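Proteins come first, then strands; the chains are lettered A, B, ... in the order of their sequence lines, and each starts at number 1. Predicted model only: the values in this text are computed from it and were never measured.
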Amino acid sequence: MPADMRTYLAHVELPNPILTAAGCAGTGRELAPFADVTRLGALTTPTITMSPRAGRPTPRMAETPSGLLNAVGLQGPGIEAFLSRELPWLAERGVRTVVSIGGGSVAEFSALARKLTGAPGVTALEVNLSCPNVEDRGRVFARDPSAAGEVVSAVRTGARYDLPVIAKLAPDVADVVAIAKACVDGGAEALSMINNPVGMAIDVDRMRPALAAGTGGLSGPAIRPLAVKAVWQVHAALPGTPVIGMGGVTSGRDALELVLAGACAVAVGTVLFHDPYAGHRVLRELEELLQERGFDRLADAVGLAHRPSHRTDREESSL
Amino acid sequence: MPADMRTYLAHVELPNPILTAAGCAGTGRELAPFADVTRLGALTTPTITMSPRAGRPTPRMAETPSGLLNAVGLQGPGIEAFLSRELPWLAERGVRTVVSIGGGSVAEFSALARKLTGAPGVTALEVNLSCPNVEDRGRVFARDPSAAGEVVSAVRTGARYDLPVIAKLAPDVADVVAIAKACVDGGAEALSMINNPVGMAIDVDRMRPALAAGTGGLSGPAIRPLAVKAVWQVHAALPGTPVIGMGGVTSGRDALELVLAGACAVAVGTVLFHDPYAGHRVLRELEELLQERGFDRLADAVGLAHRPSHRTDREESSL
Amino acid sequence: MAGSPVQVTGTVLTMRRVDAYHAMTVVAPGIADRFRPGHFVTVAVGGPRTSTLTRRAFAVHDVKPDYGGTVELVFTVRGAGTAWLADRRARDPLDLIGPLGRPFPLPRDPASCLLVGSEYGAAGLFALADALQQRNCRVDFVLGAASSDRVFGALRARRMAETATLTTRDGSLGVRGSVVDVLPGVIADTHADVVYAAGPMATLGGVTAVCADLDIPVQVSVEELMACGIGVCMTCTVPVIGDDGVTRMTRACVDGPVFRGERVRFGDLGTIPFDAHGAPGGDRAR
Amino acid sequence: MAGSPVQVTGTVLTMRRVDAYHAMTVVAPGIADRFRPGHFVTVAVGGPRTSTLTRRAFAVHDVKPDYGGTVELVFTVRGAGTAWLADRRARDPLDLIGPLGRPFPLPRDPASCLLVGSEYGAAGLFALADALQQRNCRVDFVLGAASSDRVFGALRARRMAETATLTTRDGSLGVRGSVVDVLPGVIADTHADVVYAAGPMATLGGVTAVCADLDIPVQVSVEELMACGIGVCMTCTVPVIGDDGVTRMTRACVDGPVFRGERVRFGDLGTIPFDAHGAPGGDRAR
Ligand SMILES: Cc1cc2nc3c(=O)[nH]c(=O)nc-3n(C[C@H](O)[C@H](O)[C@H](O)COP(=O)(O)OP(=O)(O)OC[C@H]3O[C@@H](n4cnc5c(N)ncnc54)[C@H](O)[C@@H]3O)c2cc1C
Ligand SMILES: Cc1cc2nc3c(=O)[nH]c(=O)nc-3n(C[C@H](O)[C@H](O)[C@H](O)COP(=O)(O)OP(=O)(O)OC[C@H]3O[C@@H](n4cnc5c(N)ncnc54)[C@H](O)[C@@H]3O)c2cc1C
Ligand SMILES: Cc1cc2nc3c(=O)[nH]c(=O)nc-3n(C[C@H](O)[C@H](O)[C@H](O)COP(=O)(O)O)c2cc1C
Ligand SMILES: Cc1cc2nc3c(=O)[nH]c(=O)nc-3n(C[C@H](O)[C@H](O)[C@H](O)COP(=O)(O)O)c2cc1C
Ligand code: FES
Ligand code: FES
């Protein structure tokens, strides 16, 4: 019997745990020719900002071993155009939509939350904490527990009570658990991780940074071990908080890795650039793996790798 | 004409900039059947501790995309056995040797520095700051500027004045430049980066962490973008401090990437597991690349990617 | 469904060397059906467990109805992905997505069309030439490259077009110089009504400047690094002036690669023009 | 130079299926020359730009003098690396390092030797059997696996040895059960003076226990995950009791893979025994 794949982000039920990651599925329209986006657990939008943003100059991408560096710089139309032109397309089709929001100050985050409250078709808000805080010399919110907590609490206050708030964490911090706790204390009902760690590549022919912006965000399978570690540590510290795991997922096995580490939902990002159908494929593969392992429900696999280990394990496996 | 490959770690001249990374070249003896270790810029030892250490239980390794997780746990014979059995073999052959040291407290680091002072054949000391501080609930020194600075200054004080002290930094910190500065203030004459960021993999068949230790250090090409970024940022902030770059170097092009970002020496680590001759190959390839680009001296390429950029660059390259 | 892209596992039919280029024909029915001149495809490279994640984009040189539909790509080896592609052999599977992008718009009425291709940019112009000739347009070619072995399709161009002017930077074939240098003369000689151009960005900028001077419409097929090719990643943007006069960072993969030349701000490539929609001002998230 | 490893680019000579196994013969002169029974090799997998970085270790099944020296490996497909290896074809290049590790010690005087191989562990025992027979030793085999298609080398064992006892866990061939179950009987029947064993760790532990009971020396070829195979990475350690009675975390790749069975602390695998040299005490760096 196939496993029950339903999962919950706070009180919101999703029919399955596979989401798209912010900034990797466009506005939904672009994926539609390849895959039925309504069948995803949810689609996450690119991070939406108050004003339109032109983003960073090109080159915006560089390929690295099993990874991709990007410096798009949150190019986007701004909240008004999002509400008038992009969200309605998703809402009309019934695409469950997590709206990612980003701002340069606590006030801006809170304003975005208010604007999105009540907008039809919004399943949850995801707070992109990897935004530079203009009031703190551009230090990103995700690197500072108190700034992160403050932003989350402003969003929580600004958004309607029944709209779940998800805080999205970056891995390049000294202690991801401290940030996670600050976000939960600030009112986050769920956490998503990981955003891209900052990386860089040099073009050895031009002898210049490969990206116009210099540094960029690293994504893809290269960072999966960082994602598994972050999910593991946060689930260990906050077992009751739903975690959306992401970072280098390309297959059902990769998704299961994050689930066993503690994620109750898994987002696909960079893999969509290679295989626009990846969300559905990963879902099917994950279902099969759970069934093979005798699970009745996805929920039973969440965090299972944390169970106490027995010495005999090792010997069984080598038989 | 081939470029002059000499480089300096503080006042110590190395004939070429290619080192082996700590823990990746054994005691030197193991590589000897494959490659002449005396021809390396220098060989770095595994991190040496006061007492013998049995390390972590197995499994100690897991392969990840373009990466390797390891949890060896600094297995080693301890300083006395190192001085009596391992260092002499290197010293007799004239292998330039950077001795990596690790301890659980400032006092231990300082004692190691004293023991190594005057030992024949030691070219420099590398302070492995990715060691848990037993006096601070196991928080690693590398994550805390003041702890890092304190350790470095204890080593600097313990070691003879003419023995360069290199501080080895980890990338999974919120601000690597702050740590770098604290180390230089503490007396480090050079910096090496990056040590392994912490990562994790789950064995989806056993449904357990792949490593017995749970988490491990991630190495290999997957982390190169993190290494380039760290070298770039530290060189920008501390242009006068020699940096040994490492993290995923497999070829001369990779080495050149780190050199252009600001490294005056480059260490090969994980690639040695795949190709024990890699140090010499990378050196030859780097020499060729520098020559092709018309460099007379390696030193002229160090940090060159930082030069101010001109708009015309882009157009030339696309012609 | 013309234009709507599909993902298919094609099969390599033939691999040929053509001077400095590799020409690869792939059986890929769904793509051939939907193709219009100017479309491109993306190819997954490296095989299972490769470390090269991103697809590579190639103009479609030709489609044929054989075996249900084949597409031909022409490429030079540049880095890891094209090196892998060059190693493919007949019968190897190849994962393709296409057809992608906005194709070349065709003139409604017969016109004199000058097709300007630099380096591998030439590859994408032959299917366009066929379509134009079917509409009774006059077709002329200017093809150029650094050296003679990199001038693609000279023979075919000579055979099919009214005139074909060749240029090489080293003078090893045709006129020494670039396609831009000969352009004013060729436009005059051929009485071109419209110019179509493909090639490196600097060349396209030059072609556009000449056309603007002479007040001739020009369609250019631009190139920018692409991570997805399907419009979801926003890495391939180019500053393009919209119908409303506003410059926007516009995706080359879905809103292009073909643009009206004078709409592309060639002088501002690699920057965010200060007057672009959403250019840095108040708000600066990462 | 016997024993000193070399890195060579070999050439695949043949690929065969043998039941559940792939047998691959590679021309690799420098390795074949230096080989002694019990040695292993490591193989680079995945080709250029692969994401699979680490070499894979395989026992050498056989060496032959053909073409200057060939080595034969026998393997099952487990993950990415072995899947790639199974796809190799004649004439493909293959990067090998070997011979590696400490080979099986041979008895000085003729003795009755029982060779116990479980699963692919059997592959490494045939070269040993040859060497033993050349020294006028009696050779007997016990070969076992989960099912009949995974019992490797049964025919050859029957042909060359005095006796060959087969076991399968599912009873599809020979005795139902494991090699350990039949061991006491076979030892008695063959009057074995010494046992050599290769296979999964749990099997080796069982074999060692039987031999200890019967006070027969046993040499086991152990297996632990290896990142380098040449002694530099310290990932392949096993708790082994030294000549001085002290347990050390000992590298399987250079100090093994062959150890005297009673020296390996099978019951403590996957732990650091509390009494091991350097076991956690005061000092706990990462
Ligand atoms: C619309 C379009 C059509 C193209 N048509 C052709 C063609 O017909 N023939 C041909 O030879 N080349 C063509 N190119 C360029 C071709 O995509 C690159 O040469 C190729 O991607 C290089 O891949 P690589 O693995 O050799 O290089 P790498 O340097 O390994 O590539 C690294 C990454 O950068 C991207 N990249 C590198 N160069 C380019 C580039 N010039 N344009 C876009 N992405 C790039 C790759 O896709 C990859 O993601 C076209 C590009 C575009 C955008
Ligand atoms: C001394 C020695 C001799 C061996 N001889 C044989 C043989 O003759 N035939 C055979 O089929 N197998 C043999 N093995 C096991 C073989 O090395 C593994 O099956 C193989 O490495 C699995 O690779 P993979 O890519 O299929 O699996 P993956 O799971 O992709 O491997 C991932 C990583 O784990 C390592 N690894 C996984 N399993 C093992 C293992 N059992 N032992 C060591 N490393 C492992 C790999 O080297 C790689 O680094 C031997 C192992 C050792 C240590
Ligand atoms: C091109 C690109 C754009 C992205 N844009 C955003 C974004 O707008 N907001 C955000 O929170 N994360 C963004 N991300 C991060 C992803 O959502 C995701 O967290 C990360 O890439 C890790 O997942 P992956 O390895 O599967 O891509 C972006 C990633 C990429 C590659
Ligand atoms: C198996 C292994 C053991 C290591 N041991 C040490 C060590 O003892 N001390 C240390 O400072 N770094 C150690 N490192 C980190 C490396 O020295 C190096 O910083 C890191 O692996 C990045 O380089 P690479 O990607 O080229 O391996 C070890 C790395 C590996 C893979
Ligand atoms: S390449 Fe991704 S949006 Fe154009
Ligand atoms: S595998 Fe590296 S030391 Fe044994």
Option in B:D205, B:D254, B:T64 with maximal non-hydrogen atom pairs under 4.5 Å from chain A: B:D205

Segment of A:L256 engaging chain B (4.5 angstrom heavy-atom cut-off): both

For chain B, the option from A:P65, A:A62, A:A261, A:A222 that forms the most heavy-atom pairs under 4.5 Å: A:P65

Which of B:A230, B:P209, B:G67 touches chain A most, by non-hydrogen pairs under 4.5 Å: B:P209

A:D175 portion near chain B, given a 4.5 angstrom heavy-atom threshold: neither

Separation of B:D144 CG from B:I179 CD1 (nearest 0.5 Å): 6.5 Å

Partner residues of A:H274 under the ring pair (Phe, Tyr, Trp, His ring centres under 6.0 Å) criterion, sequence neighbours left out: none

Donor-acceptor contact present, side-chain B:R143 to main-chain B:R139, <3.5 Å: no

Best-contacting candidate, B:V198, B:T250, B:L218, B:L289, against chain A by heavy atom pairs under 4.5 angstrom: B:V198

Option that, when pairs with chain A are counted at under 4.5 Å, heavy atom only, ranks first among B:P171, B:A142, B:A174, B:A212: B:A174

B:L191 vs B:C183 side-chain heavy atoms within contact, under 4.5 Å: yes

Pairwise distance CE(B:M5) to CD(B:Q291) - rounded to 0.5 angstrom: 10.0 Å

Among the listed options A:Q233, A:E292, A:R253, A:K229, the residue most often paired with chain B at heavy-atom distances under 4.5 Å: A:K229

Atom group of A:V204 that falls short of 4.5 Å from chain B, counting heavy atoms: both

Test item: A:V140 and A:L129 side chains (from C-beta on) under 4.5 Å apart, heavy atoms: no

Side chain to side chain, A:P2 and A:E287, heavy atoms closer than 4.5 Å: no

Segment of A:R293 engaging chain B (4.5 angstrom heavy-atom cut-off): side chain

